[in-house]
Each structure stands twice: as structure tokens, then as C-alpha cells.
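Everything below concerns the one structure shown next.
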Amino acid sequence: MTQGHEAAHTQAVNTDVPAARTRLDLLLRGLRVPVRRDDMAAGLAALAADPDLDDIALVSVLAEAIRGRLRRAENDGTMVHAERARAEARIEEWRRERLGHLHASARHRHEQEVVGALTLGRYLASFTEARAIRRRILALLGPTNSGKSHAAFDMLAAAPRGAYLAPLRLLAWEGTERLAERGIAASLMTGEERRIVPDSKHLCATVEMADLSGESDVAVVDEIQLLGDEDRGWACTQAVLGLPARTLVLAGAAEAEPMIRRLAAQTGLSVELRRFERMVPLTLIERPVPLARAEPGDAIVCFSRRDAFALREALIAKNRPPAMVYGALGPDVRRAEAERFRSGTAPVLVATDAIGMGLNLPIRRVLFAATTKYGGLGPYLIRQIAGRAGRYGHYPEGFVGGLAGEDIEPIRAAIDHPPAPLEGPMRVLPRESQLLDIGRKLGAPSIIHVQPVVAERFRRPATGIELGRLDDAMSMAEITAAARLPLKDALGYLGCPADLRDKRTSMQVIAWARRHAHGTTISAPPPPPRRLQEGVAGDPGDLADAERAARLLTAYLWLAQKWPSLYCEEEEARAAQGRLNAHIERSLRMGASARLRKRWARGEGSG
């Protein structure tokens with residue numbers, strides 16, 4: 001080093017000495033051992049060598065410097081061993097106390113940074129593409145069978161570029177069909193399937209798959225009342241805040257108006273509102289209807305799979321085999337069953353509340369086989385399902401009632417008195433970029449460590465926006481943590497449609513995630529037993545096994561869309577799923593339980 005450079009370096013160090021001395025004095029407070037000039041010199045030298053040295057490291061430097069001085073003093077004979085031992089004990093006491101305080105302060109700073117990453121303002125600001133364009137929000141609100149969806153699709157078809165977003169894969173499929181009726185070929189994107197139409201400017205997708213980077217002229221978010229749904233509401237909120245569409249159309253129930261206005265206020269936008277009224281009257285059937293008097297065009301609604309199969313058997317025994325729709329059915333089978341009802345092949349439909357959304361069916365009468373579910377069926381759900389009766393263009397009037405033995409008063413109350421506006425909180429989940437930021441700040445390599453912080457911190461009740469339910473996400477987080485997946489990959493597993501309450505499914509997903517963590521390719525689930533692929537299911541238990549196997553294949557296909565090089569047997573999985581779906585659909589169309597076949601063999605139940 002030249003003399004000039006050495007002088008400049010010395011001056012720079014000396015310029016920092018007062019601040020460094022003050023910092024060292026603060027750190028050494030509470031130390032019950034005399035501090036000498038050599039001790040301070042060691043601290044100053046460490047800071048000169050590394051100006052970015054933090055206080056935690058500096059405490060260790062000072063402690064070691066003072067211990068070294070004490071050892072030298074004992075060796076020189078200027079300090080006895082007992083005196084040195086007492087001094088070192090005091091140094092260790094000071095070091096532990098000081099490091100404990102510094103670590104607590106560091107954790108507090110990290111928590112503050114995490115809270116900053118989770119603020120609603122940052123969440124809103126993260127939708128940069130939507131904020132960069134001038135957007136218009138148009139709400140089309142009204143009951144079922146009011147024409148609001150028809151109007152939304154007319155606007156979408158007229159737009160040069162557009163997107164339709166729905167809460168269910170089945171609705172996204174219907175979206176492609178409704179656009180095709182208007183001469184528009186649309187691509188399809190769901191968690192487990194991508195069907196890209198070359199040169200198409202329109203997309204139908206599940207709302208979780210919303211493209212928040214591609215600009216469009218019109219985007220439709222259907223069933224917007226799900227903003228408040230604890231499980232799926234976050235995706236609707238994200239779509240409203242983040243879709244870069246010049247006209248954003250929100251279609252749904254009138255009760256959603258307050259939530260829409262509150263959410264729009266977060267973006268500084270106003271809401272244009274267009275109200276729709278039901279196009280055909282809905283009449284209550286005052287007397288309970290016996291099952292024996294079920295008619296073509298009837299939909300009989302119950303609230304459990306077991307009840308649905310009991311109704312199905314009763315109708316088969318009367319030579320009226322129905323179509324069936326319930327939650328555990330895959331979308332392809334639901335479509336096939338819906339087509340049987342539309343075509344009249346199956347004149348009666350037995351369904352659970354799964355028909356509350358999607359499946360535009362030519363229903364004349366809705367008959368409730370039960371008006372309670374999980375301790376009480378709310379008026380909103382009754383009204384939503386009852387509204388399916390009297391499909392416009394098929395019937396001049398719709399009817400709703402109950403089967404014999406059911407109380408019709410809850411039905412009367414629901415259709416006579418519209419449900420109150422939805423005033424509950426809207427649901428959000430932090431975006432992936434925020435979760436990764438939180439993971440970095442916490443030094444947390446696993447989502448199992450990130451999610452509890454999210455659950456604790458990302459709650460802003462005063463804004464009317466709250467965190468969505470994390471139960472399923474926590475279950476998946478435990479699996480990805482056990483597999484030691486890195487945080488970014490673990491986040492990709494959230495939302496996977498695997499039923500983790502089923503032990504066999506849970507163990508299978510753990511095995512997949514472990515292979516993923518090692519970068520090993522993952523085969524499709526092995527083929528189910530032949531009895532679940534051929535012929536007809538003999539009992540509801542066999543059918544449930546086939547449905548479980550089909551759902552596991554759906555989970556594999558969902559993951560294959562994210563990591564096709566690892567989940568590399570998409571073609572095989574899709575073929576196996578097709579065989580299972582055919583078996584399930586065939587069983588629903590033709591099968592009867594073993595118990596019912598025995599009754600027929602005895603000549604019973606033929607009336």
C-alpha cells in the first residue's frame with residue numbers, strides 16, 4: 001500500500017472510530033469484568049476488517065479478546081487461576097445475556113419484516129398488470145334462471161379477447177360449449193387439463209388458474225358470491241383484484257353486491273350494476289309429493305351419497321332408473337349423467353346439492369328429499385337449488401316441493417324471502433411471491449414453518465378481508481415437509497385435489513413428493529383391480545372404490561400439469577381415468593345393488 005493510500009485508509013478508519021467506540025460501549029454494558037484498551041482495540045480492528053459485522057458476531061469477538069487477555073495475565077503471573085475463573089464466569093454470563101437480547105431483537109425485526117410482507121397494501125400492489133390499465137367493473141346480479149350468464153357470454157363472445165373463469169371444472173367446460181354456440185372456439189385450462197385451441201383469443205378456466213399477466217378485453221368471473229367462501233373465496237378475490245381486463249364482468253347472486261362494492265373500493269374503482277329478474281315463475285308445491293309420483297323432468301335432491309343411492313334403488317325398483325349427480329363423481333361422469341337426463345334416457349335425476357352450481361339442466365320440478373344438511377340447510381342453498389326448476393326455453397313455469405315426509409316450510413321461507421346480503425369477510429391467500437419472500441426472511445426452508453406465520457399475521461378484519469381456510473393447505477404442508485421438498489416446489493403442491501383424509505391417498509402423495517424431492521420420475525398410480533374397470537359395480541362400496549381411484553388419478557394429472565418431466569405418465573393416467581369413468585358411468589346407468597338384485601330374484605319390488 002502506498003503512503004498516500006495508507007494515510008487515506010487510516011483517516012477513513014479513524015473517522016469511524018467514535019461511532020464504533022460508542023457501539024462497543026453499548027455492547028459491553030453489564031459486563032462485570034474491567035475492560036482494557038487492548039479489548040477495545042480488538043473490537044475496533046474487527047470492525048475495520050468487516051464494517052458489516054453484526055452485533056451478535058461482535059459480542060463473540062469481544063468475549064474471546066477478553067478471555068485471551070486473562071489467559072495471558074495468568075501465564076504472566078499477574079492473575080491467579082481462581083481470579084481468572086471468576087472473571088471468565090462473569091464473561092460467559094454477560095455473553096449469554098447479551099446474545100439472548102440480540103437474538104430476540106433480531107427475531108422481532110424479522111417478524112416486523114414478515115408482517116410488512118403480509119400487509120394488505122403489498123398484496124394489492126402486487127397485481128401490477130391490472131393496476132397498469134384502466135379497468136371497468138360491471139356486476140350482473142340476479143337469481144338462477146334470470147339470464148345473467150347468457151348476457152355475460154354474449155359480451156364475452158363479442159370481445160376480441162376474453163376469459164371466462166368459474167369455480168368448477170365442469171362450469172369451465174360448459175363455458176367452452178356456450179362460446180362454441182356463439183361461434184367462438186375457446187381454449188380450456190383447469191388444474192388437471194389444458195386444451196389449447198390454436199389461434200384462439202378466448203380462454204375458459206377454473207378461477208384458480210386465472211392468467212393474471214395476459215391482458216384481455218372482457219373477463220367474466222362467474223358465481224361471484226363465492227367471494228366469502230372460506231375454502232375457494234381467495235381465488236375470486238385474486239381474480240377481481242388482479243385480472244388485467246378492460247371490462248371485468250362479475251356474475252352471481254344479488255346477495256353478493258355489498259362484498260363486490262367493498263372489494264372494488266380497495267382498488268379505487270366504482271361498480272356498474274345491472275340487475276336481473278327470474279324469467280319464469282317459480283311455484284311452491286303445497287303438498288308433499290310421493291316418490292311413486294316422480295315425473296319426467298324431476299330432480300330429486302338429497303344431501304348425502306348414501307341417501308342418493310337409496311333413492312336410486314327405490315326408483316330402479318319402480319322401473320324408473322335415474323341419472324345421478326353427486327359431489328364424489330368426476331366431471332366427465334357428471335357430464336355423461338347430465339346428458340342422460342337432458343336426452344330423456346333417464347327421465348328423473350337424483351342429485352345432491354352438487355347441482356347448486358353448473359349443469360344447466362332441463363328441470364321442471366325440484367323435489368327436496370331432505371331440507372337439512374349438517375344441522376340445517378341455509379336459505380341461500382335452498383334458493384339456489386330450487387332456482388334450477390323451470391329452465392327458461394324448456395318450461396313456462398318451475399315448481400319446487402318436498403317428498404312425502406319432508407317439511408316444506410324451510411322451502412317456502414327460502415323462496416318467499418330472498419336471503420340477506422352477504423356481509424361476511426372476503427377471503428384472501430398471500431401470493432406465491434409473498435410466501436417465498438416470507439420464507440427468505442424467516443430463513444424457513446419448509447412451508448410447514450411459513451404457514452403458521454401466515455395464519456397468525458395475515459388477518460385484517462377491519463378491512464373486511466380475512467385469510468382463507470388453511471386446513472387442507474396445512475395437511476399438504478405436512479406431507480411436503482416430510483418429503484423435504486424445497487419451499488418453491490412445496491408451494492406448487494397447494495391446491496392439489498387429493499383427498500388427504502383418505503389414508504391410502506395420503507401415503508401415495510407422500511411417496512410422490514419424496515420422489516420429487518430426489519428428482520426421480522413418478523409413475524402413474526397402478527391400475528385398480530379389474531373389477532373396478534370392467535362390467536358393473538355390484539354395490540355402492542365397489543363404486544366408492546372406483547371413485548377413489550379416479551380421484552387419485554385426477555391428483556396425478558393435476559401435478560403433471562406443473563411438473564410434466566417428473567409426473568411423466570400423463571397419457572397412461574388419462575387412459576386409466578377414462579376406463580374408470582366409463583365403469584362408473586356404466587354402473588350408474590345399468591347397475592343395481594346385490595341386495596336389490598336378490599329382491600328382484602324373489603319377485604319383489606317390481607311395482
Side-chain angles (χ1 to χ4, degrees), residues 163-176 186-196 203-214 221-223 226 229 231-239 242-243 327-335 354 357-358 427 429 431-432 435 447 468-473 475-477 479-480 485 488-500 502 505-506 508-509 512-513 516 522 524-525 547-574 576-578 580-581:
Y164 170 74
L165 301 171
L168 302 174
R169 179 189 172 205
L170 201 59
L171 275 175
W173 263 98
E174 285 189 354
T176 64
S187 297
L188 176 73
M189 186 177 295
T190 68
E192 57 269 22
E193 184 174 11
R194 284 166 172 76
R195 191 186 68 189
I196 305 302
L203 171 70
C204 293
T206 46
V207 68
E208 291 86 354
M209 302 297 293
D211 181 3
L212 304 182
S213 60
V221 182
D222 208 355
E223 305 292 353
L226 290 178
D229 185 89
D231 295 308
R232 294 176 292 177
W234 66 269
C236 292
T237 303
Q238 178 177 273
L243 278 171
L329 284 181
D332 294 333
V333 181
R334 284 199 214 183
R335 284 165 55 83
M357 285 188 295
R427 302 294 172 171
L429 287 181
R431 302 185 69 188
E432 181 177 302
L435 292 171
I447 192 173
R469 185 153 51 193
L470 291 174
D471 299 15
D472 291 342
S475 298
M476 185 59 79
I479 284 176
T480 56
L485 272 176
K488 186 171 179 59
D489 286 341
L491 291 174
Y493 275 71
L494 298 184
C496 176
D499 182 6
L500 300 180
D502 179 70
T505 299
S506 179
Q508 182 67 77
V509 176
W512 290 347
H516 184 161
I522 300 151
E547 290 161 0
R548 186 184 297 111
R551 287 197 299 273
L552 185 61
L553 285 161
T554 295
Y556 183 92
L557 290 168
W558 190 92
L559 293 165
Q561 301 307 309
K562 290 178 175 284
W563 294 285
S565 62
L566 290 174
Y567 289 85
C568 55
E569 293 187 354
E570 178 181 352
E571 187 175 335
E572 292 86 343
R574 210 170 286 286
Q577 188 182 56
L580 278 167
N581 285 340

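Between the OH atom in Y493 and the CD1 atom in I479 there is a gap of 10.0 Å [rounded to 0.5 Å]. The distance from the OH atom of Y567 to the CG atom of L557 is 11.5 Å, given to the nearest 0.5 Å. L553 contributes atom CG, which lies 13.0 Å from atom CZ of R548 (distance to the nearest 0.5 angstrom). Taken to the nearest 0.5 Å, the NE2 atom of H516 stands 11.0 Å off from the NZ atom of K562. Taking CG of L580 as the reference point, atom OG1 of T554 lies at 9.5 Å (rounded to 0.5 Å). The structure places OG of S187 at 4.5 Å from CD1 of I196, a figure rounded to the nearest 0.5 Å.
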Stepwise side-chain contact (heavy atoms from CB on, under 4.5 Å) test for L212 and R431: CA-CA 12 Å; L212 304 182; R431 302 185 69 188; 3.6 Å; yes
Check against side-chain contact (heavy atoms from CB on, under 4.5 Å), E193 and W173: CA-CA 11 Å; E193 184 174 11; W173 263 98; 3.7 Å; yes
Verdict with supporting geometry, D489 and W563, side-chain contact (heavy atoms from CB on, under 4.5 Å): CA-CA 10 Å; D489 286 341; W563 294 285; 3.9 Å; yes
Verdict with supporting geometry, M189 and D211, side-chain contact (heavy atoms from CB on, under 4.5 Å): CA-CA 10 Å; M189 186 177 295; D211 181 3; over 6 Å; no
Candidate pair R232 and E208, rule salt bridge (Lys or Arg N to Asp or Glu O under 4.0 Å), full reasoning: CA-CA 8 Å; R232 294 176 292 177; E208 291 86 354; over 6 Å; no
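At a threshold of 4.5 Å between non-hydrogen side-chain atoms, the residues R194 and M209 count as touching. Side-chain contact between L171 and E223: present, with at least one pair of heavy atoms (C-beta onward) separated by less than 4.5 Å.
Residues E569 and A524 come closest through the heavy atom pair OE1-N, 3.0 Å. Taking both residues in full, the closest heavy atoms of A172 and Y164 are given as CA-CE2, 4.3 Å, listed atom of the first, atom of the second, then distance. Here the shortest heavy-atom pairing between L500 and V509 reads CD2-CG2, 4.3 Å. Closest of all the heavy-atom pairs between R427 and T237 is O-OG1, 2.6 Å. Taking each heavy atom of C204 and A186 in turn, the nearest pair found is SG-CB, 4.1 Å. Across all their heavy atoms, L243 and V221 have their closest contact at CD1-CG2, 3.9 Å.
Under the side-chain hydrogen bond (donor to acceptor under 3.5 Å, both in side chains) test applied with R574, the options Q577, E570, E571 reduce to a single match, E570.
E174 and R335 are not joined by a salt bridge, as no carboxylate oxygen comes within less than 4.0 angstrom of a charged side-chain nitrogen.
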